[in-house]
Amino acid sequence: MKLLDGKKVAAEIKEELKRKIVEEKEKTGKIPGLGIIQIGHNEAASVYVQSQIKGSKALGIQAFLYAFEDDVKEEVVLQKIEELNQTEKIDGIILQLPLPEQISRSHILQAIDVNKDVDGFKTENMGRLHLGEEGFNPCTPEGVITLLKKYDIEIAGKNVTIIGRSNIVGKPMLGLFVNHDATVTICNSLTKNLKEHTLKADIIVVAVGKEKFLTADMVQEGAIVVDVGINRTVTGKIVGDVEFEEVSKKTSYITPVPGGVGSMTVAMLFQNIWKAFIKNRRIVND
Ligand code: NAP
C-alpha cells in the first residue's frame, strides 16, 4: 500500500505557484487578488477565512475580506459582487458558507463573473466541466484528479465508484472521471447493494461525511481509495469516511485524512486564482 500524499503534492504545487507569482510581479508589477465574501459571524467560517488569507499571503496573492452583518440585505451583497466583478485588482471571488436565510446562495453565485468564479460552483462552470470545456473546476474533485495524475495512476478504462452525489464533490467528480475516460458509477443514500458497486471498482471515491463508512469488506484487493470525508470524532480528532487501518491493507494506494484530499483542495483554489489572474489580465503564460 502506498499513501497518496496530498500534503506533499499540494506543497509542491503551491511552491510552483509562488515562483510564478513572484516572477510575474517582477515583470509586470501585478499580483493576483482574491475577494472573500463572508456574511455573519460563524466561528468555523472565520477560522477558515483567516487560513485562506494567510495561505494567500504566503503565495503572494492579495486577499480582501468583505464581511457583512447577519442581517445584510441580499441586494447589498449583490452590489458588492458587481463591484468586484468590475474591479481589476480582484481576479477571483469566493463565497463563504453558511449564509443567513435571507441570502440565496444561488443568487450570489450566479452574480459572480464566470471568469472570477474560482470555486467553480456557477452553473456555467459546472456545464463547461460536464461538456469537457475549459473553465474553473471545483477544487476538491480537481484535487483528486491532480493527485492521481501526480502518482501516474492511469484513469482511462478504470471502473470508478463514487459514493456521494453532492454538487460540490460527487457530481463534478463524476464529470471529471468521465472526461478522463473512466467508467463511472455514482451512488447515493438510496443506492441498493452499495457493496456490489464498490467491490467492482478499481478506484473508489468516498464523499459521504460518515466516519468509518467504507469498510474492508467493501473493497477489492489492489483498489485505489480516495477519502474525501472530513469528520470530527468525539475526542476531537479529524478522520475521513474510510476505516483506514483495515481498508489500507487491501489497497494499492490510499489517501490519508488529514493530509490527503483536503490539502489538495486548498492548493487547487490557489491554482484557480492563478488561472483567473492569467485570464483576466490577459497575461501569456509560459
Ligand atoms: P453532502 O452534501 O452531505 O453529501 C453527502 C452524500 O453522501 C450525499 O449525496 C448522500 O446521498 C450520500 N450518502 C449519505 N449516506 C449514504 C449511504 N448510506 N450510502 C451512499 N451514499 C450516502 O456532503 P459533501 O458536501 O459532498 O461532503 C462529503 C464529505 O466530504 C463531508 O465529510 C465533507 O466535510 C467532506 N468534504 C471534504 C472536502 C475536502 O476538501 N476534503 C471538501 C468538501 C467536502 P443523498 O444525496 O441521497 O443524500
Side-chain angles (χ1 to χ4, degrees), residues 3-11 13-14 42 44-45 47-49 51-52 55 94-99 105-106 109 118-121 126 129 136-148 160-177 184-201 203-215 217-219 225-234 236-244 247 254-273:
L3 274 187
L4 292 168
D5 191 343
K7 196 172 170 190
K8 180 167 148 266
V9 172
I13 291 169
K14 286 192 281 185
N42 177 285
V47 171
Y48 188 53
V49 164
S51 83
Q52 282 168 335
I94 57 174
L95 174 67
Q96 203 57 57
L97 297 176
L99 297 174
R105 179 167 183 253
S106 161
L109 280 185
V118 287
D119 265 336
F121 292 157
M126 284 288 181
L129 181 155
F136 293 108
N137 296 335
C139 301
T140 301
E142 181 72 8
V144 170
I145 297 289
T146 305
L147 187 59
L148 295 174
V160 176
T161 295
I162 302 166
I163 317 177
R165 57 164 166 188
S166 70
N167 289 345
I168 63 165
V169 186
K171 284 179 196 161
M173 191 77 263
L174 162 73
L176 290 181
F177 274 120
V184 193
T185 303
I186 184 159
C187 306
N188 60 66
S189 61
L190 303 177
T191 299
K192 293 194 177 78
N193 302 323
L194 183 65
K195 200 169 150 180
E196 232 172 61
H197 299 291
T198 55
L199 277 174
K200 65 168 191 205
I203 302 174
I204 304 172
V205 178
V206 202
V208 171
K210 291 180 185 162
E211 190 185 337
K212 296 186 180 168
F213 183 82
L214 190 83
T215 48
D217 59 313
M218 297 168 81
V219 179
V225 170
V226 177
D227 190 351
V228 177
I230 301 176
N231 309 292
R232 196 177 282 277
T233 66
V234 279
K237 212 176 136 199
I238 298 292
V239 296
D241 289 348
V242 176
E243 197 180 45
F244 186 87
V247 170
I254 187 166
T255 58
V257 177
V261 177
S263 308
M264 291 301 295
T265 298
V266 178
M268 292 301 105
L269 173 66
F270 294 129
Q271 188 162 281
N272 276 351
I273 297 167

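Order of appearance sets the numbers: ligands from 1, and atoms from 1 within every ligand. Here the structure is a predicted model, which means the values were calculated and not measured. Residue numbers count from 1 along this sequence.
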Legend entry - Closest protein heavy atom (residue, atom, distance) for atom 40 (O) of ligand 1: Thr265 OG1, 2.7 Å
Legend entry - Side chain Asn188, main chain Gly164, donor-acceptor under 3.5 Å: no
Inset, instruction - Provide the number and element of each atom of ligand 1 under 4.0 Å from a heavy atom of Ala207. - result: 5 (C), 6 (C), 7 (O), 28 (C)
Legend entry - Protein contact to atom 8 (C) of ligand 1 [nearest heavy atom, distance to 0.1 Å]: Arg165 N, 4.0 Å
Legend entry - For atom 29 (C) of ligand 1, the option (of Ser166, Pro258, Gly209) bearing the nearest heavy atom: Gly209
Legend entry - Nearest-contact summary for atom 5 (C) of ligand 1 - protein heavy atom, Å: Val208 O, 3.5 Å
Inset, instruction - Please report which non-hydrogen protein atom sits nearest to atom 12 (C) of ligand 1, along with the residue it belongs to and the distance in Å to one decimal place. - result: Gly164 CA, 3.9 Å
Inset, instruction - Determine which pairs satisfy side chain to side chain donor-acceptor pair (under 3.5 Å) with at least one residue from residues 204-213, sequence neighbours left out, and list them in order. - result: none
Inset, instruction - Distance to 0.1 Å, residue and atom name: give those for the protein heavy atom nearest to atom 11 (O) of ligand 1. - result: Ser189 N, 3.1 Å
Inset, instruction - Compute the minimum heavy-atom distance from Lys210 to ligand 1 and say whether it is under 4.0 Å. - result: yes
Legend entry - pair Phe213-Asn231: side-chain heavy atoms closer than 4.5 Å: no
Legend entry - Over all atoms of both residues, closest heavy-atom pair of Ile204 and Val219: CD1-CG2, 4.1 Å
Legend entry - Option nearest atom 41 (N) of ligand 1 (shortest heavy-atom distance, choices Val228, Leu190, Val266): Val228
Legend entry - More than 12 heavy atoms of other groups within 6.0 Å of Lys237 NZ: no
Legend entry - ligand 1 contact on Ile168 by region, counting heavy-atom pairs under 4.0 Å: side chain
Legend entry - Nearest non-hydrogen protein atom, atom 21 (N) of ligand 1: Asn188 C, 3.1 Å
Inset, instruction - Would you mind checking which non-hydrogen protein atom is closest to atom 42 (C) of ligand 1, with the distance to 0.1 Å? - result: Thr140 OG1, 3.2 Å
Inset, instruction - Any atoms of ligand 1 less than 4.0 Å from a non-hydrogen atom of Phe213? List them with their elements. - result: 17 (C), 18 (N), 19 (N)
Legend entry - Side-chain H-bond candidate by donor/acceptor type, Thr161 with Thr198, under 3.5 Å: no
Legend entry - 4.5 Å side-chain heavy-atom contact, Ile254 and Asp227: no
Legend entry - Residue list, side-chain hydrogen bond (donor to acceptor under 3.5 Å, both in side chains) with Glu142, at least two apart or on another chain: Asn137
Legend entry - Reported CE-to-CD1 distance for the pair Met268 and Ile145, which is rounded to 0.5 angstrom: 11.0 Å
Inset, instruction - Please identify which atoms of ligand 1 are closer than 4.0 Å to at least one heavy atom of Ile163. - result: 20 (C), 21 (N)
Inset, instruction - Keeping the roles fixed (side chain from Ser166, backbone from Val169), state whether a donor-acceptor pair exists under 3.5 Å. - result: yes
Legend entry - Distance from atom 43 (C) of ligand 1 to nearest protein heavy atom, with residue and atom: Val169 CG2, 3.7 Å
Inset, instruction - Mark up the atoms of ligand 1 that fall under 4.0 Å of a heavy atom belonging to Ile230, in ascending order. - result: 32 (O), 34 (O), 35 (C), 37 (C), 38 (C), 39 (C), 41 (N)
